[in-house]
Amino acid sequence: MTTAGKPAESGAAGAVSTVEVETALAVLPGQRSESSPDSGGPFEAQWARTLELVAGADEIDLICHICPDGDALGSALAAGLALRGLGKRVRVSFGDDPQIIPESLSFLPGQELIVPAAEVPAAPALVLAFDAASEERLGLLRDKAFAAGELVVLDHHASNPGFGTVRLIDPAAPATAVLVDELLRRLRVPLDRSIAACLYTGIATDTGSFKYRATTPATHEMAGRMLATGIRHDLISRQLWDTTSFGFLKVLAGALDRAAFEPEEAGGHGLVWTWVPYQDLALFGVTVEEIEGLIDVLRKPAEADVALVLKQDPDGTLRGSCRSRGAVDVAAVCARLGGGGHVFAAGFSARDGVPETVERFRVALAEECAR
């Protein structure tokens with residue numbers, strides 16, 4: 001098991017001066033972040049309020065969505081490390097019980113800041129929520145977040161309805177980590193390797209290693225600044241995408257054997273889908289978090305625009321992960337099933353059986369394609 005922070009290291013971790021970073025980036029064009037801090041715009045009042053709240057807080061609770069991915073946990077931990085460096089008392093948490101951090105994210109620095117959801121106060125003074133597309137995605141921390149004196153929501157999902165008392169929601173940002181990067185710039189927190197490793201993980205995971213359509217020149221510029229701190233991006237990428245247990249291969253084999261291709265679905269663009277029963281996970285000692293990447297295998301066939309993977313929890317709940325190659329807005333499809341996400345990457349949960357859930361998905365897909 002990778003020790004926390006190991007892939008981030010290149011010598012002793014420490015703050016990197018602005019001069020060092022700017023010198024390393026002198027050949028890189030473009031502005032510092034996805035949205036220029038000096039451009040004004042609709043977020044300026046929200047940014048000003050956020051900085052005011054952070055400056056006046058002694059204790060801050062940082063939360064992210066349940067079953068956190070690299071962007072959610074990376075964003076929360078990057079902010080936690082930065083705010084701790086400013087002398088704030090911080091807690092990082094997410095609303096699962098038990099809390100399970102995927103092995104692929106076990107290297108992330110700052111995990112000593114994570115506490116169980118039960119240790120978050122019933123009515124915190126200030127909560128910063130990261131990468132939660134809806135209040136339901138806060139899980140066990142939903143009620144505590146809404147009881148907070150102030151709830152600042154940093155997110156990039158187009159399906160976010162706009163909850164919280166302060167809303168920094170930018171669907172144009174390729175990852176929530178971009179908003180955290182801007183927050184730290186405004187707080188004048190210098191990047192160190194630990195913070196950079198968390199932010200790099202956030203943008204790398206949510207851009208599919210910089211291959212998704214949302215990736216921009218500014219995204220690469222941000223990645224360049226993270227690399228300039230000395231993080232080992234090669235080790236981070238190996239841990240994120242190229243390391244699994246042998247049990248995962250057995251679960252993958254079963255999932256691919258169950259895969260079905262339905263060319264007439266999605267308005268004739270094609271649907272490929274499969275499911276993973278909890279019994280397979282238990283048999284091979286694999287967590288449901290470990291198979292998050294299965295959807296990236298299933299989405300490869302050129303014959304199908306839409307891919308769907310249903311993963312079963314011990315209580316029978318099905319977690320649906322959905323992807324589109326570009327012809328279908330799967331965020332809108334998943335929203336019809338109570339979920340949401342991005343146009344080409346979204347998800348939902350269901351309590352019905354597999355046949356019933358797939359049929360509901362087909363209907364939602366047909367309705368969206370008929371619009």
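We count residues from 1, following the sequence as given.
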Does CZ belonging to Arg213 count more than 12 external heavy atoms closer than 6.0 Å?
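No, the 6.0 Å shell around CZ holds no more than 12 heavy atoms from other groups.
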Residues, nucleotides or ligands: over 12 heavy atoms within 6.0 Å of Arg371 CZ:
no
Less than 4.0 angstrom from a charged side-chain N to a carboxylate O is my criterion; do [X] and [Y] meet it?
X      : Y      : answer
Arg325 : Asp305 : no
Glu356 : Arg360 : no
Asp280 : Lys250 : no
Glu112 : Arg84  : yes
Arg186 : Glu44  : yes
Asp58  : Lys88  : no

Compare all side-chain heavy atoms of Glu368 with those of Arg336 and state whether any distance is below 4.5 angstrom.
yes
Mind checking what makes ring pair (Phe, Tyr, Trp, His ring centres under 6.0 Å) contact with His65, not counting sequence neighbours?
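Once residues adjacent in sequence are excluded, His65 has no partner under the ring pair (Phe, Tyr, Trp, His ring centres under 6.0 Å) criterion.
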Can you list the steps and then say if Leu83 with Leu187 is a side chain to side chain contact (heavy atoms under 4.5 Å, CB included)?
CA-CA 9 Å; Leu83 293 173; Leu187 290 171; 3.9 Å; yes
Report the residues that fulfil salt bridge (Lys or Arg N to Asp or Glu O under 4.0 Å) with Asp143, sequence neighbours left out, ordered by chain and then residue number.
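Asp143: no salt bridge (Lys or Arg N to Asp or Glu O under 4.0 Å) contacts found.
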With sequence neighbours excluded, what pairs up with Arg238 under the salt bridge (Lys or Arg N to Asp or Glu O under 4.0 Å) test?
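Arg238 satisfies salt bridge (Lys or Arg N to Asp or Glu O under 4.0 Å) with no other residue.
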Six-ring centre of Phe163, Arg167 cation under 6.0 angstrom, axis tolerance 45°
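The answer is no, since Arg167 fails at least one limit relative to Phe163.
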Under a 3.5 Å distance rule, please check whether Asp96 uses its side chain to pair with a backbone N or O of Pro98 as donor and acceptor.
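No; zero donor-acceptor contacts below 3.5 Å.
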For Val120 versus Ser93, what's the shortest heavy-atom pair and its separation?
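Residues Val120 and Ser93, closest heavy atoms: CG2-CB, 3.7 Å.
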Would you call the rings of Tyr200 and His233 parallel, tilted or perpendicular, where under 30° means parallel and over 60° means perpendicular?
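Plane angle over 60°, so perpendicular.
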For Leu252, which fellow cluster members are found when Ile, Leu, Val, Met, Phe, Trp and Tyr are connected by side-chain heavy-atom distances below 4.5 angstrom, either directly or through intermediates?
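When side chains under 4.5 Å apart are linked, the cluster holding Leu252 also contains Phe246, Phe248, Leu249, Val251, Leu256, Val272, Val276, Tyr278, Leu281, Leu283, Phe284, Val286, Val288, Ile291, Leu294, Ile295, Val297, Leu298, Val309.
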Pairs flagged by ring-ring contact (aromatic ring centres under 6.0 Å, His included) wherever residues 325-347 is involved - sequence neighbours left out:
His156-His342, His157-His342
Determine, step by step, whether Val178 and Met222 satisfy the side chain to side chain contact (heavy atoms under 4.5 Å, CB included) criterion, reporting the C-alpha distance in whole Å, the side-chain angles of both residues, the deciding distance to 0.1 Å, and the verdict.
CA-CA 8 Å; Val178 170; Met222 177 178 165; 3.8 Å; yes
Solution key, residues 327-334 side-chain donor-acceptor pairs under 3.5 Å, sequence neighbours excluded:
unit_1, atom_1, unit_2, atom_2, d
Asp329, OD1, Ala331, N, 3.1
Asp329, OD1, Ala332, N, 3.2

